[in-house]
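Here's the structure we're looking at; comments come further down.
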Amino acid sequence: NLVARTRVAGVVSEAGRVSGLRLRRVALPPGQAFHPSRTIDVPGAEYLLLVLAALHRGWLPPLRFVPPLKPREPALWGGVEVVLALGVWYVAQLAAGLLVAPFLDGGVLKDDQRVLNRAGAFLVAGVATTAASSWFIVHVVRRMLGQPLATLGLAGASPRNIAPVILSCLLLLVPLAAVTAVWTLTLHHAFDITPGEQLAVEVYREAAVAGDWRSMSCLILAGAVLAPVGEEVLFRGLVFGWMRARWGPWCAAIASSLLFAGVHFSMAPLLPLFVVGLALAYVYARTGSLYFPVLFHALFNGVTFANIAFA
């Protein structure tokens, strides 16, 4: 039996009807008070039931990834190349930040363009970081070590992986919302920390409230296009590839995901980003191509932006 409590009883009934699963709603006993502080509201949980029901009925493609046709060469780069790539990634961000610093809080432009200035700064930083780090990594692997780019994951794979990647990303959203809620409550009650949003998310929310489509477009391009490309080449292609060749896939997935979450320099998304990093490492390990983690990453960030825009 699947035990579920949801605000939309009709969705639960429909999920039970189409899947053949027996669903039982949980009701409070008479006289028992409802304590919101003791519950965790997971948005979209009722729709996760529908997705699971559709998978159960075979209406959606199975979550089976197609492995690469040819085995990849083991990574020859080492910790020095990884540290240098991380340094290039960080210095490019810092240089771009210094370049656009006069525009962040009005600066040489009008005060009413403050949000647009900050969004443009994120876009410039995204272009600089992705271009610099990706160029350096490709140069090291291809020119200095003489390995094919397929070793880095820049190789094609079966297009049959597209549907499982999209579906697995959508299925991750609801459990990730629960992880985020638990992590936020833990930080607040156990450590007396009130985590705030990442700066890019904060600026995007401000732009969405103001209806500033130019700022929103800059942030979507930076967060849902440039960031997935640059971060996947660095953290999955280079870092995970190096760790997997030395420690195996499981240790590599955990260590690279911790690094991926830590470099965002924010407590609020630390645990959720670690979970996302594990999912991205799994997709990369199963498909052997960076294109699918990039798709997963872009879709995840895009859904995040869409949720803020339409909330």
Side-chain angles (χ1 to χ4, degrees), residues 63-93 126-166 168-169 222 224-261 263 276-301:
L63 291 175
R64 297 194 187 99
F65 295 98
V66 180
L69 298 177
K70 297 180 181 180
R72 308 289 191 228
E73 293 184 12
L76 297 181
W77 55 88
V80 174
E81 289 82 4
V82 170
V83 171
L84 288 176
L86 289 169
V88 170
W89 185 77
Y90 181 75
V91 169
Q93 279 191 327
V127 171
T129 303
T130 301
S133 61
S134 299
W135 175 86
F136 177 81
I137 293 170
V138 170
H139 178 76
V140 167
V141 173
R142 184 64 174 166
R143 302 296 181 184
M144 297 178 62
L145 299 177
Q147 290 197 282
L149 293 181
T151 309
L152 194 62
L154 295 175
S158 173
R160 287 183 294 172
N161 286 316
I162 295 177
V165 166
I166 294 175
S168 59
C169 179
V225 178
L226 295 172
V229 173
E231 292 178 0
E232 293 312 305
V233 171
L234 175 59
F235 292 103
R236 250 58 63 182
L238 192 75
V239 177
F240 176 79
W242 167 60
M243 292 179 175
R244 179 174 58 178
R246 284 148 182 81
W247 305 331
W250 289 105
C251 291
I254 294 173
S256 62
S257 299
L258 284 172
L259 181 62
F260 170 71
V263 298
V276 173
L278 290 177
L280 291 168
Y282 176 79
V283 171
Y284 177 49
R286 292 298 301 272
T287 62
S289 174
L290 278 181
Y291 300 140
F292 299 113
V294 168
L295 173 62
F296 189 109
H297 198 155
L299 181 61
F300 175 79
N301 287 359

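Numbers here simply count residues along the sequence, with the first being 1.
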Query raised in the report: Between Pro164 and Arg64, which heavy-atom pair has the shortest distance, and what is it?
Result: CG-O, 3.4 Å
**Report entry** Approximate separation, where rounding is to 0.5 Å, of Gln93 CD and Thr130 OG1
**Finding:** 9.0 Å
Report summary line: Contacts of Trp250 meeting ring-ring contact (aromatic ring centres under 6.0 Å, His included) (sequence neighbours excluded), chain-then-number -> none
Query raised in the report: What pairs with Tyr282 under side-chain contact (heavy atoms from CB on, under 4.5 Å), at least two apart in sequence or on another chain?
Result: Phe65, Arg286
Please report, to 0.1 Å, the donor-acceptor pairs under 3.5 Å made by any side chain of residues 82-91, with sequence neighbours excluded.
none

Show me the donor-acceptor pairs, under 3.5 Å and distance only, between side chains in residues 224-239 and residues at least two apart or in other chains.
unit_1: Glu231; atom_1: OE1; unit_2: His297; atom_2: NE2; d: 3.4
unit_1: Glu232; atom_1: OE1; unit_2: Arg236; atom_2: NE; d: 2.8
unit_1: Glu232; atom_1: OE2; unit_2: Arg236; atom_2: NH2; d: 2.8
unit_1: Glu232; atom_1: OE2; unit_2: His297; atom_2: ND1; d: 2.7

Requested in this report: Kindly give the heavy-atom pair with the smallest separation between Pro293 and Thr287, and that separation in Å.
Outcome: CD-OG1, 4.5 Å
Query raised in the report: Where the side chain of Thr151 meets the backbone of Pro148, is there a donor-acceptor pair that is under 3.5 Å apart?
Result: yes
Query raised in the report: Ignoring hydrogens and geometry, is there a side-chain-to-backbone donor-acceptor pair from Thr129 to Gly126 under 3.5 Å?
Result: no
Report summary line: CG (Leu259) and CD1 (Ile254) are apart, to the nearest 0.5 Å, by 14.0 Å
Report task. Could you tell me which non-hydrogen atom of Pro74 sits nearest to which non-hydrogen atom of Gln147, and how far apart they are? Result -> O-NE2, 2.9 Å
Requested in this report: Would you confirm whether the ring centroid of Tyr284 sits within less than 6.0 angstrom of the ring centroid of Phe240?
Outcome: yes
Query raised in the report: For residues 141-163, which residue pairs qualify under salt bridge (charged side-chain N to carboxylate O under 4.0 Å, His left out), counting only residues two or more places apart or in two chains?
Result: none
Query - Gap between atom CG of Asn161 and atom OG of Ser289 - 0.5 Å precision - result: 8.5 Å
Requested in this report: Give, for atom CZ of Phe300 and atom SG of Cys169, the distance between the pair rounded to the nearest 0.5 Å.
Outcome: 7.0 Å
Report task. Sequence neighbours left out, what passes side-chain contact (heavy atoms from CB on, under 4.5 Å) with Glu81? Give chain and number order. Result -> Trp77, Val140
Query raised in the report: Taking atom CG of Leu280 and atom OG of Ser256, what is their separation to the nearest 0.5 Å?
Result: 9.5 Å
Report task. Taking all heavy atoms of Ala279 and all of Phe296, pick out the closest pair and write down the distance. Result -> CB-CZ, 3.9 Å
